Amino acid sequence: MNLTLRVWRQAGPSEPGRFETYEATDVSEDSSFLEMLDLVNDGLIRRGEEPIEFMHDCREGICGTCGMMIDGQAHGPQARTTTCQLHMRSFSDGDEIVIEPWRAAGFPVLKDLVVDRSAFDRIVESGGYISVETGSAQDANLTPIPKDDADRAMDAAACIGCGACVAACPNGAAQLFTSAKLAHLNLLPQGQPERSRRTLAMVGVMEETFGSCTNYGECEAACPKGISIDFIAMMNRDHRRALMTERRGA
Amino acid sequence: MATTTDAAGATTRPTPFLLVLYRSALGKKYLMAVSGIVGLGYILAHMLGNLKLYQSPEAFNAYAEFLRRLLYPILPESGALNLLRAVLVLALVVHVVAAAQLTALNRRARPERYRSRRDYVVADFAARTMRWTGVIVLLFLAYHLADLTWGWVNPAPEGATVYDKVVASFSRTPIAALYLVANAALGAHLFHGVWSLFQSMGWSSPRFDPVRRTLATAFTAVVIGGNLSFPIAVQLGIVA
Ligand code: FES
């Protein structure tokens, strides 16, 4: 199949960007979206032009680096699929595809389709962990966890931090990411001792950079891992409780 | 954290809880939800009370008088009413100011638009128009008060009863139409707002979640249905 790509090109963080048009010819419908871009880049390199910069690592939907806006949808038109797992059979011959980087104040563009997602790291650093004395690993199942809780924590832990939630949110809010990173710890017994402190810290850092949720639900629809906005409700509840706990402690 | 320590190590007065809450964007959302709930209670009571319009002019006027003399003589005449008004004004101010500040925050968080024709995947019309429907309802509220509370723009002669004022106002077709439009905006605002407040407050559980949408729809239908019936009834001559 043959496609026309309109790709956002931007030489650096403070350079002005613009769309460039490229033809992708003889694309196999079995290739992934990134393989299609590889092909286009091959051509560019051969012609001595600067290849299109994009991030990728695992190419199997687990590292979360490959996010981009494809035709106005985070990770493209297929639900619950990262860009690297998106296949060209989702498009048809002759299509024009518009490709842009994530756009949010929290994710400044570094180059072309690559954005700086270190704001996510700052959120996790502020409390997305548990403090334990490590020693030899304890026996499995020593801490009983109700199946429902384990399942929900696992659902939250599926977050790969790709940033599609922020990219899709008209408010540039990072509620879905932060709530998932909170929930996978706050739902489990190991997460309880630091629950209040963690919630306040991570919400605080989130609010330094990102917008505020208006419950559109666009993030949930964009999330390649199908993380539910129920976790956002849980974060809201935990945050209010943490503020009150903090108050009683003071 | 809520207590601050000065340089000498002495603790100063703790920051009031509401302020601590208000400082965070999440806290502003709780306060918007709480002030929204106050508004919902009022809107429902307002609609239910106005159903007296269908009983008789006397019953409706008596109801207005009852509101004025609520808790009298424990409180002076109109005392309870003014107290309620104060609560409502406070809730309204919190709701609007928090909304304005959060909107500004959100503009900063998403300064650049997507260049591609980007469409919403799931956000419905009501959710996307909250800011506009909110402003429309606010403007309408100003008119509504000037019309029926203060009587500045009411066509009824001086000294007319509350019932006569309502009928005089709604008899004018453009005004009746204005009430329909304003209620449509209010309906859209409630449809998203009532659902949304459960999220903001964190009132969510697998069993309860499916009910939230139904609740929002039912509440909106009841309130807006009742509200719309008044100008329509006057226009049709059912209430005259
Ligand atoms: S490249 Fe790792 S998730 Fe796509």
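Note that these values count all heavy atoms, side chains included, but never hydrogens, waters or copies made by symmetry. Keep in mind that this is a model prediction, so the values were computed, not measured. Letters A, B, ... are given to chains in the order of the sequence lines, protein chains preceding strands, and every chain is numbered from 1.
Ranked by heavy-atom pairs under 4.5 Å with chain B, the list D148(A), T209(A), I99(A), I229(A) is led by I229(A). Of the residues considered (V203(A), N215(A), V98(A), T214(A)), N215(A) shows the highest number of contacts with chain B, using heavy-atom pairs under 4.5 Å. Annotation: maximal heavy-atom pairing with chain A below 4.5 Å, among G202(B), A126(B), P206(B), occurs at G202(B). Heavy-atom pairs under 4.5 Å with chain A peak, among Y30(B), Y120(B), W203(B), at Y30(B). Heavy-atom pairs under 4.5 Å with chain B peak, among P170(A), A221(A), S228(A), at P170(A).
Residue contact with chain B, scored on non-hydrogen atoms closer than 4.5 Å, involves the backbone and the side chain of A167(A) alike. Within the 4.5 angstrom heavy-atom criterion, atoms from both the backbone and the side chain of A168(A) approach chain B. Using a 4.5 Å cut-off between heavy atoms, E100(A) contacts chain B through its side chain alone, with no backbone atom that close. Only the side chain of M206(A) comes within less than 4.5 Å of a heavy atom of chain B; its backbone N, CA, C and O stay farther away. In this structure, no portion of F107(A) lies under 4.5 Å from any heavy atom of chain B. Using a 4.5 Å cut-off between heavy atoms, Y114(B) touches chain A through backbone and side chain atoms alike. Residue A104(A) touches chain B through both its backbone and its side chain, counting heavy-atom pairs closer than 4.5 Å. With a 4.5 angstrom heavy-atom cutoff, E220(A) does not touch chain B via any of its atoms.
Between the CE atom of M69(A) and the OG atom of S116(B) there is a distance of 6.5 Å, given to the nearest 0.5 Å. If you take CH2 on W102(A) and CZ on R110(B), they are separated by 10.5 Å, rounding to the nearest 0.5 Å. Taken to the nearest 0.5 Å, the CZ atom of R237(A) stands 6.0 Å off from the OG atom of S204(B). We find the CZ-OG distance between R240(A) and S24(B) to be 11.0 Å, quoted to the nearest 0.5 Å. Of the inter-residue distances, the one linking W8(A) atom CH2 with R115(B) atom CZ reads 4.0 Å to the nearest 0.5 angstrom. Atom CD of E207(A) sits about 7.5 Å away from atom NZ of K28(B), to the nearest 0.5 Å.
Pairs of residues two or more places apart, or lying in two chains, that qualify as side-chain hydrogen bond (donor to acceptor under 3.5 Å, both in side chains) and include a residue from residues 98-109 of chain B are N171(A)-N106(B), Y22(B)-Q101(B), T103(B)-R131(B).
K29(B) places no side-chain N or O within 3.5 Å of a backbone atom of S212(A) that could act as its donor or acceptor partner.
The number of heavy-atom neighbours closer than 6.0 Å to CZ of F125(B), taken from other residues, nucleotides and ligands shown, is 12 or below.
G211(A) and A109(B) get closest at one heavy-atom pair: N-CB, 3.3 Å.
Listed in order of number, the residues of residues 192-201 of chain B that approach chain A to under 4.5 Å between heavy atoms are H192(B), W195(B), S196(B), Q199(B), S200(B), M201(B).
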